[in-house]
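Remember, it's a predicted structure, so these values are computed and weren't measured experimentally. Computation of the quantities below employed the complete heavy-atom set of this structure, encompassing side-chain atoms and omitting hydrogens, waters and symmetry-equivalent molecules. Sequential numbering from 1 along the given sequence is applied to the chain's residues.
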Amino acid sequence: MDVEKDFANDTIRNRNIFDYLLLKSSENAAKLLKLIYFSEAVKANADPVLMRLFVLLEYGFDCSTEGEIRLALKSGADPKKIIFAHTIKVRKALKYASSVGVDLMTFDCKEELLKINQDFPTARLILRLKSESKKSVYNLNKKFGCDLSEVENLLLRAKNLNLNVVGVSFHVGALCESSETFVSAIENSRLVFSLAERHGFKFTILDIGSGFFGSKEKESFFYELTQEIKTSLEKNFPTEDIEIIAEPGCYCVASAFSLVTSIIGKKSIAQNGNNGLQKEYYLNDGFYGSFPYFYKDYDVKHVPLLKNKDRVKPIIETSTVAGAQMNNSAVADEEQTIALQ
């Protein structure tokens with residue numbers, strides 16, 4: 001679309017906070033997966049300019065809270081393209097969603113059905129399934145989703161309450177390295193579609209969640225993964241007229257930002273070996289900011305601003321790099337041997 005090209009070109013001309021690779025990676029993913037639309041996970045990055053780009057690309061938004069829904073709407077999102085994806089919702093947020101027309105939402109238990117029936121009985125509901133996550137960095141199924149054995153009772157409860165269940169969702173867990181996990185979840189979703197049809201439901205949505213890496217190093221794996229997903233979708237849903245949604249987070253936004261930190265202080269500590277010194281460097285960011293314990297799982301790359309060719313007689317020293325917080329956990333890299341000027 002023209003607006004897409006104009007906006008992308010504008011971001012390049014103005015050296016905005018994200019680059020053209022972000023746009024192309026998102027386009028490539030949608031093309032490979034043959035999705036009707038992406039539903040961007042707001043929690044991954046809620047920058048207003050970034051969200052406005054996704055609106056112009058006609059993406060939807062995966063929101064977990066009232067605040068995220070407000071951000072999406074403020075960015076110009078279509079309420080019908082927002083999925084309220086938390087399976088246990090605050091009642092105030094549920095009522096707010098009803099007031100602004102955000103009627104697509106997930107559930108995974110009878111208690112949530114009763115809540116929705118009272119506060120938003122006309123909502124379109126997505127049943128969230130558990131999936132195996134043996135090769136995911138973060139297993140979300142310990143907290144969200146129902147087992148296959150629970151599905152029929154939940155569908156019957158929804159039918160008894162006259163609620164409108166329209167589809168299935170799953171999430172294989174963050175940073176998943178197993179295509180088999182996706183294939184198994186798609187096959188289970190097929191079983192639920194068939195079971196729902198027997199009970200008089202007409203399912204029209206399959207939400208395959210996310211779990212995709214956002215780093216360039218994983219691009220070849222992502223291509224292989226999308227081929228497996230496409231093959232499974234074509235096998236299990238060959239003729240159905242359904243919407244297929246994905247909820248990528250870091251895949252779409254990992255290239256959007258670069259973080260620059262400053263060394264706010266350093267000290268030398270006497271020790272045996274290494275010229276009798278160890279250096280300790282302190283940054284203006286840390287464990288409670290941009291470097292939580294799991295940041296390395298997202299393929300964060302350290303890019304020194306000082307290049308080797310610019311260094312004068314680099315010295316090899318054993319050093320630590322620590323964050324600004326008063327916490328022993330705030331050490332970013334402990335006892336790394338690094339070349340410093």
Side-chain angles (χ1 to χ4, degrees), residues 11-23 25 41-51 53 67 71 136-139 173-175 177 212-219 221-222 248-341:
T11 64
I12 296 170
R13 285 194 300 270
N14 292 296
R15 302 177 63 84
N16 218 323
I17 61 171
F18 42 81
D19 58 29
Y20 190 55
L21 290 177
L22 167 69
L23 179 63
S25 66
V42 175
K43 58 182 168 288
N45 196 318
D47 181 88
V49 180
L50 192 64
M51 292 182 66
L53 171 62
L71 283 172
S136 298
V137 174
Y138 303 107
N139 182 359
L175 308 180
E177 296 192 77
F212 312 125
F213 286 84
S215 63
K216 292 181 180 179
E217 288 75 12
K218 295 289 186 178
E219 282 184 356
F221 169 72
F222 179 74
C250 65
Y251 180 84
C252 287
V253 302
S255 65
F257 291 89
S258 296
L259 174 70
V260 178
T261 59
S262 298
I263 295 175
I264 60 174
K266 64 182 179 180
K267 61 183 178 182
S268 301
I269 300 176
Q271 65 171 24
N272 295 327
N274 295 310
N275 298 320
L277 289 176
Q278 175 176 315
K279 290 289 182 66
E280 294 186 354
Y281 297 88
Y282 292 83
L283 306 180
N284 63 342
D285 203 343
F287 184 83
Y288 295 107
S290 304
F291 299 97
Y293 69 93
F294 54 80
Y295 83 95
K296 290 184 180 180
D297 294 332
Y298 288 87
D299 292 326
V300 175
K301 299 297 182 296
H302 302 120
V303 184
L305 296 180
L306 187 64
K307 306 300 182 183
N308 284 333
K309 64 182 181 62
D310 299 321
R311 294 173 177 156
V312 179
K313 296 180 180 180
I315 301 171
I316 304 300
E317 296 178 330
T318 299
S319 307
T320 61
V321 180
Q325 289 80 21
M326 298 295 291
N327 186 320
N328 285 337
S329 299
V331 178
D333 287 296
E334 187 168 359
E335 294 187 359
Q336 297 292 312
T337 302
I338 54 179
L340 300 167
Q341 183 173 343

Determine the minimum heavy-atom distance between A46 and L71, stating which atoms define it. CB-CD1, 3.9 Å
Measuring from T261:OG1 to L283:CG, what's the distance to the nearest 0.5 Å? 4.5 Å
Closest non-hydrogen atom pair between I269 and E280, with its separation: CD1-OE2, 3.0 Å
If I compare all heavy atoms of M51 with all of N45, which pair ends up nearest, and what's the gap? CG-O, 4.3 Å
Between K279 and S268 the two heavy atoms that sit nearest each other are CE-OG, 2.9 Å
Could you tell me which non-hydrogen atom of V49 sits nearest to which non-hydrogen atom of D47, and how far apart they are? N-OD2, 3.0 Å
Listed by chain and number, what are the side chain to side chain contact (heavy atoms under 4.5 Å, CB included) partners of K43, not counting sequence neighbours? A41, D62, S64, E68
Without swapping roles, check the side chain of N284 against the backbone of S262 for a donor-acceptor pair under 3.5 Å. yes
